[in-house]
Structure formats: structure tokens, C-alpha cells
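Single-structure report; data block below.
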Amino acid sequence: MERGNRTVTEFILVGFTTDPVMQLVLFVVFLVMYSVALVGNTTLITLICYDSRLHTPMYFFIGNLSFLDLWYPSIYTPKILVTCISEDKSISFAGCVAQFFFSAGLGYNECYLLATMAYDHYVAISNPLLYAQVMSKRLCICLIICAYTGGFVNAIILTSNTFTLDFCGGNVIDDFFCDVPPLVKLVCDVKESYQVLLYFLMASNVIIPIVLILASYLFIIAAILRIHSTQGRLKAFSTCSSHLISVTLYYGSILYIYSRPSSSYSLERDKMVSVFYTVVFPMLNPMIYSLRNKDVKEALKKLLRLTQPEV
């Protein structure tokens with residue numbers, strides 16, 4: 001292959017294994033996880049739209065998180081399913097660019113959204129009487145627009161800089177999707193400016209939201225400590241528990257993969273971690289935000305009663 005990515009017309013996705021039996025097993029596993037993610041997130045969005053009791057800023061953000069979790073695994077899972085049952089493991093250059101772009105954009109969006117949700121919890125706990133006034137509909141919509149704009153603008157920057165690199169190491173991607181670590185392995189010479197760009201994007205899209213989340217929870221802890229009753233403290237903490245679980249799982253896997261220099265990438269190990277935040281996490285989120293949530297359970301019961309045929 002000639003030097004320069006102009007000669008690359010397609011990439012080959014290695015996936016997880018070449019064993020036909022294991023490929024079939026993985027096909028079933030990913031199909032089940034994808035189906036659960038689609039059903040779970042669609043159900044949660046439907047409940048939030050349907051039940052007026054869930055028309056609050058907190059559930060507005062949860063609904064947007066579910067929307068992202070519908071879109072996010074849809075970028076990867078259909079291609080994973082195809083590569084598991086087909087001998088054709090290729091993905092076109094344009095397809096790889098598109099997958100890379102939406103992966104980065106939605107990933108950054110989720111980082112911003114989780115930070116926004118932390119601020120929402122802070123306002124709800126520290127100023128419950130002024131909550132509806134502070135978290136107005138206009139502010140909530142502006143925060144969502146900013147999250148999407150920031151996410152996709154940064155995705156454009158990352159995508160344009162990545163796919164202008166010289167891929168002289170072949171076109172075989174040792175992963176199940178087009179991502180920074182396996183693509184960097186194919187680059188002739190990773191320029192220092194590109195590494196600086198990666199660290200800048202990591203700081204602006206991951207580290208800064210983490211700092212905002214930590215700051216929000218410091219204020220939340222201070223507000224909880226001012227609550228005199230034990231029951232009140234437990235109720236305030238339970239409000240944040242689902243969000244804390246989401247933040248820990250999502251940011252933990254993201255930081256593990258992308259906070260290291262390219263020289264330390266271990267593609268086999270990183271594949272397993274990538275599966276977690278691309279497929280498993282979107283499947284778990286609806287469960288995290290509904291299993292311990294009385295309002296969501298009541299909304300589901302109400303919807304089921306209406307959909308049952310009269311005898």
C-alpha cells in the first residue's frame with residue numbers, strides 16, 4: 001500500500017475472534033444486548049413523554065440520556081452483528097469516517113450531559129423551593145443544545161485531524177469499530193501536534209466535565225449535611241445514586257482507554273473495555289434510572305393498565 005491515506009478505500013475490522021462457534025455466540029450476545037438497549041431506552045423515553053409527573057428537568061435530562069443511548073450502540077452493533085456472521089469484515093473509508101465521527105460526537109455529548117445532570121441534582125437538593133424557577137425549560141433546552149453543539153464541533157476537529165494522517169501500516173483495524181487507538185496503530189508517524197490535540201480534547205470534553213461533576217457533588221454533600229433528619233439525607237442521597245453509578249461506569253471506561261499515550265495501547269484489553277461503554281452501558285442505563293425509581297415504576301404501571309384490553 002502506498003504511503004498516505006488517499007490510497008485507502010476500505011478498512012478490515014478484525015473483531016473479537018476468528019472462531020466460527022465463538023462468532024455465533026457473540027452474535028447472539030450482542031443481539032440480545034442491543035435489543036435490551038433499544039427496548040429499555042425506548043420505554044423510558046415513552047414513559048417520560050407520556051406521564052405528566054415526569055415532566056421535570058431531571059427526567060428531561062434522563063430522557064435525553066436515553067435518546068443518546070438509543071443512538072450510541074446503533075453506530076456499532078449492526079456492524080458487529082454483520083462481521084460475526086459474514087466473511088466480509090470490511091468497512092468503507094467513508095463508513096469508517098462516519099462511524100468515527102458519530103462515535104466521538106455522541107461520546108462527548110454524553111460527557112456534557114452527565115455534567116449537566118450533576119448540576120441539576122445540585123440545584124434540586126440545595127434549592128428545592130427554587131428548583132423549578134432556576135432549572136427553567138429555557139435553560140434546560142439551552143444546556144442540551146450546548147451539549148450537542150460542543151460534542152459535534154469537537155468531533156469534527158478530531159475526525160478531520162485523524163483521517164488526514166498517513167496510514168502506511170496497512171488497512172487492518174484490530175478492533176470491532178473505527179476508533180483512535182487502533183487507527184493510530186496504522187499511522188506511519190504520529191505527530192506531536194496530534195498527540196497534543198488528543199490531550200486537549202480529553203481535557204475539554206472529559207476532564208472539565210469531571211471537574212464540574214466533582215464540584216457539584218461537593219456542594220451536594222455540603223447541602224446534605226445541612227439536612228437534619230436522617231430520612232431527608234437518605235432521600236437526597238438516593239436522588240443522586242443512579243447518576244453516580246452512571247458517571248462511575250462511563251467515565252471509568254473512557255479514562256482507562258483514552259487517557260494513556262498511544263505507545264501504551266493494548267488493543268486486546270481495550271476491546272473489552274470498549275464493549276462496555278459502547279454497548280453494555282447503554283443497555284444498563286434504563287435499568288439504573290428505573291429499577292429504584294418509584295415515579296418511573298408508577299408511570300409504567302399506569303401505562304400498562306391503559307394498554308391492557310378491557311374484558
Side-chain angles (χ1 to χ4, degrees), residues 1-14 68 72 75-76 79 90-115 146-214 250-271 273-274 277-278:
M1 181 175 294
E2 295 178 11
R3 180 181 174 85
N5 59 26
R6 292 185 300 273
T7 61
V8 177
T9 58
E10 65 177 16
F11 292 97
I12 306 299
L13 297 172
V14 172
L68 287 179
Y72 205 35
I75 300 172
Y76 318 101
K79 188 61 181 178
S90 65
I91 181 172
S92 66
F93 186 86
C96 188
V97 172
Q99 189 183 68
F100 186 94
F101 168 74
F102 285 109
S103 174
L106 294 175
Y108 293 152
N109 290 342
E110 193 139 342
C111 289
Y112 295 143
L113 183 55
L114 289 172
C146 289
Y148 276 90
T149 302
F152 284 114
V153 166
N154 283 285
I156 291 172
I157 295 172
L158 178 61
T159 304
S160 59
N161 279 273
T162 299
F163 286 91
T164 52
L165 297 172
D166 290 325
F167 297 107
C168 62
N171 68 336
V172 178
I173 296 177
D174 190 7
D175 210 330
F176 62 92
F177 72 110
C178 296
D179 196 17
V180 171
L183 284 171
V184 165
K185 292 288 185 181
L186 303 180
V187 175
C188 308
D189 181 29
V190 181
K191 298 178 181 179
E192 186 177 348
S193 59
Y194 182 74
Q195 289 283 9
V196 171
L197 174 67
L198 292 181
Y199 285 121
F200 169 77
L201 293 175
M202 172 64 66
S204 59
N205 296 286
V206 180
I207 303 302
I208 290 178
I210 287 177
V211 171
L212 294 175
I213 291 171
L214 291 175
Y250 186 73
Y251 278 102
S253 55
I254 290 290
L255 287 174
Y256 176 81
I257 293 180
Y258 298 107
S259 62
R260 296 169 293 147
S262 59
S263 59
S264 64
Y265 288 151
S266 174
L267 297 180
E268 287 300 322
R269 184 176 61 237
D270 290 353
K271 284 181 190 179
V273 182
S274 297
Y277 76 83
T278 56

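Predicted model, so just to flag it, every value in this text is computed and none were measured. The figures here come from the full heavy-atom set of this structure, side chains too, leaving out hydrogens, waters and symmetry mates.
Rounding to the nearest 0.5 Å gives a distance of 9.5 Å between CG of N161 and NZ of K191. If you take OG1 on T149 and CG on N109, they are separated by 8.5 Å, rounding to the nearest 0.5 Å. In this structure, CG on N205 lies 8.0 Å from CZ on F200, to the nearest 0.5 angstrom. Here the straight-line distance linking atom CD1 of I91 with atom CG of N171 works out to 12.0 Å at 0.5 Å rounding.
The minimum heavy-atom distance linking S274 with T278 is given by the pair O-OG1, 2.6 Å. Shown here for L197 and I157, the closest heavy-atom pair between the two residues is CD1-CG2, 3.8 Å. Considering every non-hydrogen atom in both C111 and Y251, the closest pair reads O-OH, 2.8 Å.
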In residues 93-108, what donor-acceptor pairs under 3.5 Å come from side-chain atoms, sequence neighbours left out?
residue: Q99; atom: OE1; partner: C178; partner atom: N; Å: 2.8
residue: Q99; atom: NE2; partner: I75; partner atom: O; Å: 3.3
residue: S103; atom: OG; partner: Y76; partner atom: OH; Å: 2.5

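Under the side chain to side chain contact (heavy atoms under 4.5 Å, CB included) test applied with P182, the options L186, D179, V180 reduce to a single match, D179.
Qualifying ring pair (Phe, Tyr, Trp, His ring centres under 6.0 Å) partners for Y194, counting only residues two or more places apart in sequence or in other chains: none. By the side-chain contact (heavy atoms from CB on, under 4.5 Å) test, S90 is found to be paired with E10, I12, D88, residues two or more places apart in sequence or in another chain being considered.
In this structure, the side chains of Y112 and L212 stay at 4.5 Å or more apart for every pair of heavy atoms. Side-chain contact check for L183 versus L165: every heavy-atom pair is 4.5 Å or farther apart. Taking the side chain as every heavy atom from C-beta outward, N154 and S204 approach each other to under 4.5 Å. Between F11 and V172 the shortest side-chain heavy-atom distance does not fall below 4.5 Å.
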Hey, mind stepping through L158 and L198 against side-chain contact (heavy atoms from CB on, under 4.5 Å) and telling me if it holds? CA-CA 8 Å; L158 178 61; L198 292 181; 3.6 Å; yes

